[in-house]
Amino acid sequence: MPHRQDAVRAVADAIADRLASPTTVRGLHLPQGWWPQSLAYGATGIALLHIERARAGCASWRHVHDWLACAAGGEILTGSDSHLFYGAPALGFAMNAASDLPGHYARARDELHRHIATTTRRRLDRAHARMDHGRLATLAEFDVIRGLAGIGAYLLRHEPHGELIRAVISYLVRLTEPVKDGGELLPGWWTDLNPAGRRSEDFAGGHGNNGVAHGVCGPLALLSLALRDGVVVDGHIDAIQRICAWLDDWRQDGKAGPWWPYWVTRTELREGHHSKSGPSRPSWCYGTAGLARAQQLTSLATGDLTRQRMAESALVRALTDPGQLAAITDSSLCHGYAGLVHIACRAATDAVTPDVVACLPRLLGMIIEDDIDADSVAASLLLRPGDPGLLEGAAGIALALHSAHSGVPPASGWDSCLLIS
């Protein structure tokens with residue numbers, strides 16, 4: 001698809017050009033406000049776009065410096081409210097991605113890491129104390145966006161063989177151990193809150209969350225990536241097997257292929273079946289695409305070829321099923337077409353079947369068309385979500401398009417914050 005590939009690169013370039021200056025972007029009067037330290041919506045996430053382009057040799061480091069300076073311009077959040085997508089861990093992740101950047105960033109990275117390490121140890125202490133007292137988890141304790149799985153993604157790149165990443169992995173192993181609540185046996189990651197972290201009559205008794213962004217597939221991906229990198233702790237394989245057994249129990253097999261519910265309620269757990277009749281949108285954050293990639297990573301770490309074939313089949317079916325694709329309503333990385341494109345690119349590199357890469361032309365066509373004016377499309381993608389950032393905005397779309405055009409894994413490893421690599 002040579003002509004389509006030219007369009008893919010042109011749109012990625014045009015988005016990067018429109019996001020060149022923090023001053024210009026801040027002047028867009030963004031509806032969600034201006035959050036420089038946010039990896040999801042702010043300057044830190046936009047910096048990743050320019051870091052990847054600079055490390056790939058197709059753009060200047062000047063834009064990287066401008067965006068990192070913008071992100072670090074105020075008092076950096078370092079306490080318990082910081083996480084991979086906001087504050088010191090977000091900025092530390094971006095600076096690690098910019099490891100080729102000349103200058104004085106090594107000292108800044110080291111200072112940030114000291115704060116991150118201190119906060120992480122406190123979070124681990126609180127999590128173990130919570131388990132010692134038999135209380136149920138919150139999603140924010142362990143998930144990718146706000147929790148220790150996300151911190152683990154940072155540590156696996158910054159200090160892959162350090163004591164702290166092993167401590168996070170050991171915590172996740174313990175998280176998978178069954179717990180009792182009201183006389184019922186539950187998975188250790190069960191929460192008595194709803195997916196938004198609040199009490200809700202609709203989630204009486206809580207739920208077991210399956211998503212990558214907020215559920216147990218984030219920890220599964222981190223456990224698998226760590227195992228693949230040789231970071232192994234006691235009970236590591238058992239923990240992976242417990243999560244996989246849960247996913248196998250709740251896998252739904254229908255006309256649309258294998259799929260998993262976003263979550264399982266207490267009532268569904270008691271009755272042993274899920275109430276939804278078909279899959280929801282196949283997004284990174286909660287959908288089949290993200291869950292399939294997590295299980296593909298698991299199979300690569302454990303050598304489970306049967307699971308790998310199942311995961312890749314589920315991914316291909318999700319990416320080609322008209323009903324599931326119709327549920328995608330935007331082009332974002334988190335829950336739109338850019339996320340599907342990037343997962344397909346990453347999964348195709350590791351796949352035992354060629355069917356995954358064959359999904360790419362159609363997915364790219366949902367974001368851009370061949371006969372386009374790249375700058376107009378870039379403007380549309382930037383304005384449509386009202387967000388220039390990584391997770392739901394134009395920067396994430398441009399990164400996915402850049403990777404699809406290059407055909408090689410990201411030079412900066414930016415996508416490790418999603419735990420898909």
Side-chain angles (χ1 to χ4, degrees), residues 1-22 25 39 43-71 90-103 105-106 109 153-154 156-158 225 284 331-333 337-350 357 360-361 363-364 367-368 374-375 377-378 381-382 388-391 393-421:
M1 50 178 184
H3 188 52
R4 170 67 53 77
Q5 285 289 70
D6 290 344
V8 167
R9 175 166 184 171
V11 172
D13 290 347
I15 292 174
D17 289 345
R18 284 179 170 267
L19 296 179
S21 165
V25 174
L39 195 66
T44 314
I46 297 172
L48 288 181
L49 170 61
H50 297 291
I51 291 166
E52 175 62 23
R53 288 168 58 80
R55 290 195 62 173
C58 62
S60 166
W61 284 101
R62 179 175 58 83
H63 298 317
V64 174
H65 174 78
D66 290 346
W67 279 102
L68 287 179
C70 174
L91 189 55
F93 180 88
M95 286 189 173
N96 283 338
S99 60
D100 289 352
L101 182 63
Y105 287 91
R109 285 197 302 270
Y154 158 81
L156 198 58
R157 290 194 64 82
H158 180 81
L225 289 164
W284 164 74
S331 297
S332 72
L333 202 59
Y337 284 109
L340 303 188
V341 164
H342 195 65
I343 289 172
C345 286
R346 290 304 247 159
T349 302
D350 299 316
V357 73
L360 278 168
L363 295 174
L364 287 167
I367 303 175
I368 58 176
D375 194 59
V377 174
L381 290 172
L382 184 60
L390 177 71
L391 274 191
I397 296 168
L399 277 165
L401 294 176
H402 174 87
S403 294
H405 178 266
S406 71
V408 297
S412 65
W414 67 266
D415 58 350
S416 61
C417 70
L418 306 177
L419 282 178
I420 59 174
S421 68

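This chain uses plain numbering: 1 for the first residue, then up along the sequence.
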> Yes or no on side-chain contact (heavy atoms from CB on, under 4.5 Å) for Arg53 and Val64, after CA distance, side-chain angles and deciding distance?
Replying inline: CA-CA 9 Å; Arg53 288 168 58 80; Val64 174; over 6 Å; no

> What's the verdict on side-chain contact (heavy atoms from CB on, under 4.5 Å) for Leu390 and Thr44, showing C-alpha distance, side-chain angles and the deciding distance?
Replying inline: CA-CA 9 Å; Leu390 177 71; Thr44 314; over 6 Å; no

>> Is there a side-chain contact (heavy atoms from CB on, under 4.5 Å) between Val341 and Leu401? Walk through the geometry before answering.
In response: CA-CA 8 Å; Val341 164; Leu401 294 176; 5.6 Å; no

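Judged by distance alone, with hydrogens and angles left aside, the side-chain atoms of Arg157 form no donor-acceptor pair with the main-chain N or O of Ala97 at under 3.5 Å. Ser403 places no side-chain N or O within donor-acceptor distance of the main-chain N or O of Ala400, the cut-off being under 3.5 Å.
Side-chain atoms of Leu333 and Leu399, non-hydrogen and from C-beta on, never get closer than 4.5 Å to each other. Side-chain contact between His402 and Pro410 is absent, with no heavy atoms from C-beta onward closer than 4.5 Å. Between Val408 and Thr349 the shortest side-chain heavy-atom distance does not fall below 4.5 Å. Residues Leu360 and Cys345 are in side-chain contact: their nearest non-hydrogen atoms beyond the backbone lie under 4.5 Å apart. Looking only at side-chain heavy atoms (C-beta outward), Ile367 and Val8 stay at 4.5 Å or farther from each other. With a 4.5 Å cut-off on side-chain heavy atoms, Leu39 and Leu48 count as touching.
Within the model, atoms CD1 of Ile343 and CD1 of Ile420 stand 5.0 Å from one another, a figure rounded to the nearest 0.5 Å. In this structure, the separation between CH2 on Trp284 and CG on Leu419 is 8.0 Å, given to the nearest 0.5 Å. Here His405 contributes atom NE2 and Cys58 contributes atom SG; the two are 9.5 Å apart, rounded to the nearest 0.5 Å. With values rounded to the nearest 0.5 angstrom, Asn96 atom CG is found 11.0 Å from Ser412 atom OG. Rounded to the nearest 0.5 angstrom, Leu68 CG and Cys70 SG are separated by 9.5 Å.
The shortest non-hydrogen separation linking Ala344 to Leu363 is CB-CD1, 4.3 Å. Residues Ser60 and Ala54 come closest through the heavy atom pair O-CB, 4.0 Å. The shortest non-hydrogen separation linking Ala398 to Leu49 is CB-CD1, 3.7 Å. In this structure, Pro388 and Val25 approach most closely via the heavy-atom pair CG-CG1, 3.7 Å. The minimum heavy-atom distance linking Ala98 with Arg109 is given by the pair O-NH1, 4.4 Å. Across every non-hydrogen atom of Ala338 and Ile397, the tightest pair is CB-CA, 3.9 Å.
Separation of the Trp414 and His342 ring centroids falls under the 6.0 Å cut-off.
Arg346 and Asp350 are not joined by a salt bridge, as no carboxylate oxygen comes within less than 4.0 angstrom of a charged side-chain nitrogen.
Note: Trp67 and His50 have parallel aromatic rings, judged against thresholds of 30 and 60 degrees for the angle between ring planes.
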